[in-house]
Each structure stands twice: as structure tokens, then as C-alpha cells.
Amino acid sequence: SQGLQFGTIFHGVLEHVYGKGKAPSQQNIKDAMDTAEKAYIEERQGRMSAEEEGFIEVNMAMIEAIAPQYFVYHKKDFEKVKWAELEQKFRVSSPIPGVDLVGRIDGAFWIGKELWLRENKTKSRIEEEVLSDSLAFDFQVQLYSYVLRKKYGKVPTGVLYDITRRPGEKQKVGESLLQYKQRIEARVKSEPEHYFLRYEIQVPPTESKRFEEELIHILEEIYIVTGK
């Protein structure tokens, strides 16, 4: 889908810029956008539908409008955050002997002595009250918190949800891609808080033990169903 493609490429831009470890120049951001776009096309080589190919130009216009403003709005990230890992694949042992958990985490970072998990999300619609309630009970995030505890020997303080709103503006009839990009860029500059949201949700220490018990139950059920 167009939304999934947007999220994948934008996610790649964040990875490349934050991976440099310093505040980016406009050229750094442009290079990151080019790299993320090429990586997406290469990964989808031979599997991309005509419709998906048609989304790329429009999605890149949106990303070119949003990405530079994202890093202006979140410039303090480069002052106070020390990355523990970024887009890191993991393999850790589960509570059941002989069963490993495998996956990939968006990011984890230190603020002082506190370890935080970071989750990047892109959404076209953001209903803040519903969103903040649902995020607190996200199974995937609880799993990642478990992984970080296994890797670092420390229960994460919480999770930072970094949410970017995908523009809902459609390209008008007769409007060039450049005009479309400039129209979105003007709106993002005028109300960045509409496009860039963050939620910090702290994880109670008791939640770690509760989730481990839930994870054991889920893994046991999988074993029963698959007969392993």
C-alpha cells in the first residue's frame, strides 16, 4: 500500500540520519532520502506492482517535504540522546529453554543511566486519546522491552513512541510534484506539532515479570498447536 511504502522509506531516512550520530546538514538529509529510496527499490526488485511503482514519486515528494522539518523539530535528539542500538537485529533466549526470539528493534537509547526503547511509527490519522491508550498495551513493545532486559541486564524505563503523520493532502489536478511538495512543506512548517508527536510511556517494574509469564504461555500454546 502507499502508506506502508511511505513508512518503510521514511523509516530508512531516520535510520541513516540517526546512524551518523550528529545533527544533519540538508545534504545529509538529502543523501539519506536517496539511500532509503534506492534501498526500498532494490529490496522490492522484481516484486513491485505497477501501482506500487506509481506511489514512489508521490511518497518521495511527501518525504522530501517532511523529513527536513522533522530533524529541525527534533533537533534536541542530537544533544541529549546516546544510542544503545539502532535498527539492530536480535536473537535472544526466551523463557523456554532451547527457544530463541528473533527480530529487529527500531532503536534503544540512554538518557543518563536510564535505558529507553524507541518505536517509530507513521500514521495518516492520529486520534491522540485512543492512540495513547492502545500504545501502552502494545505486545510488540513489551517483547522488545524483554529483549533489551536480556541484552543489557536492565529493565527499560519505558518506551518513546515517535509518531509522524503522513500527509493527507492529495496532489491536485494540474499540480506538479514540486508544487505538491512545496504545498505540504509550507503546512508542515506552519504547524509542525500536527505532524510530529511523541509519547513517553513508562513501564512499571512489575510489568516485566507479568509479560514474561504471558510470553511463556504464548510460546507453550504455539508448541501445542504446531506439535513441537
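Keep in mind that this is a model prediction, so the values were computed, not measured.
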Rounding to 0.5 Å, atoms OH (Y18) and CG (D77) come to a distance of 3.5 Å
Considering only NZ, NE, NH1 and NH2 on the basic side and carboxylate oxygens on the acidic side, decide whether E214 and R210 come within less than 4.0 Å. yes
For E169, side chain to side chain donor-acceptor pair (under 3.5 Å) partners two or more places apart: R187, Y195
Which side-chain N or O atoms in residues 8-16 pair as donor and acceptor under 3.5 Å with protein atoms at least two apart or in another chain?
unit_1, atom_1, unit_2, atom_2, d
T8, OG1, L4, O, 2.9
H11, NE2, E87, OE2, 2.4
H11, NE2, D106, OD1, 3.1

If only atom types and distance count, is the side chain of Q5 paired as donor or acceptor with the main-chain N or O of E52 below 3.5 Å? yes
List the residues meeting side chain to side chain donor-acceptor pair (under 3.5 Å) with K154, not counting sequence neighbours, and say none if there are none. none
CD1 of I105 to CG of L148, rounded to nearest 0.5 Å, is 4.5 Å
For the ring pair F6 and F55, is the centre-to-centre distance below 6.0 Å? no
Go through the structure and list residues passing side chain to side chain donor-acceptor pair (under 3.5 Å) with E85, not counting sequence neighbours. K151, Y152
Heavy atoms of R104 and Y144 approach each other most closely as O-OH, 3.1 Å
Going by atom types only, do Y70 and D162 share a side-chain donor-acceptor pair under 3.5 Å? yes
With sequence neighbours excluded, what pairs up with E57 under the salt bridge (Lys or Arg N to Asp or Glu O under 4.0 Å) test? none
Let me see the working for K30 and D34 under salt bridge (Lys or Arg N to Asp or Glu O under 4.0 Å), right down to the final yes or no. CA-CA 6 Å; K30 183 180 183 304; D34 290 343; 3.2 Å; yes
Where the side chain of R165 meets the backbone of H194, is there a donor-acceptor pair that is under 3.5 Å apart? yes
Apply salt bridge (Lys or Arg N to Asp or Glu O under 4.0 Å) to the pair K75 and E79, showing each step before the final yes or no. CA-CA 8 Å; K75 61 185 178 181; E79 300 169 8; over 6 Å; no
Derivation of the salt bridge (Lys or Arg N to Asp or Glu O under 4.0 Å) call for K38 and E42: CA-CA 6 Å; K38 288 176 183 175; E42 287 175 5; over 6 Å; no
F78 to A23 - nearest heavy-atom pair and separation: CD2-N, 3.5 Å
Taking S94 for the side chain and V99 for the main chain, is one N or O donor matched with an acceptor at less than 3.5 Å? yes
Near-ring test F196/F71, centroid separation under 6.0 angstrom: no
Partners of Q27 by side chain to side chain donor-acceptor pair (under 3.5 Å), sequence neighbours excluded? D31
Do Q2 and E51 have side-chain N/O donor and acceptor atoms under 3.5 Å apart? no
Closest non-hydrogen atom pair between G174 and Q179, with its separation: O-OE1, 4.0 Å
4.5 Å side-chain heavy-atom contact, Q69 and P192: no
Check whether any side-chain heavy atom of F109 sits under 4.5 Å from a side-chain heavy atom of R118, and report yes or no. yes
In terms of heavy-atom contacts, does CZ of R91 have more than 12 from other residues, nucleotides or ligands at under 6.0 Å? no
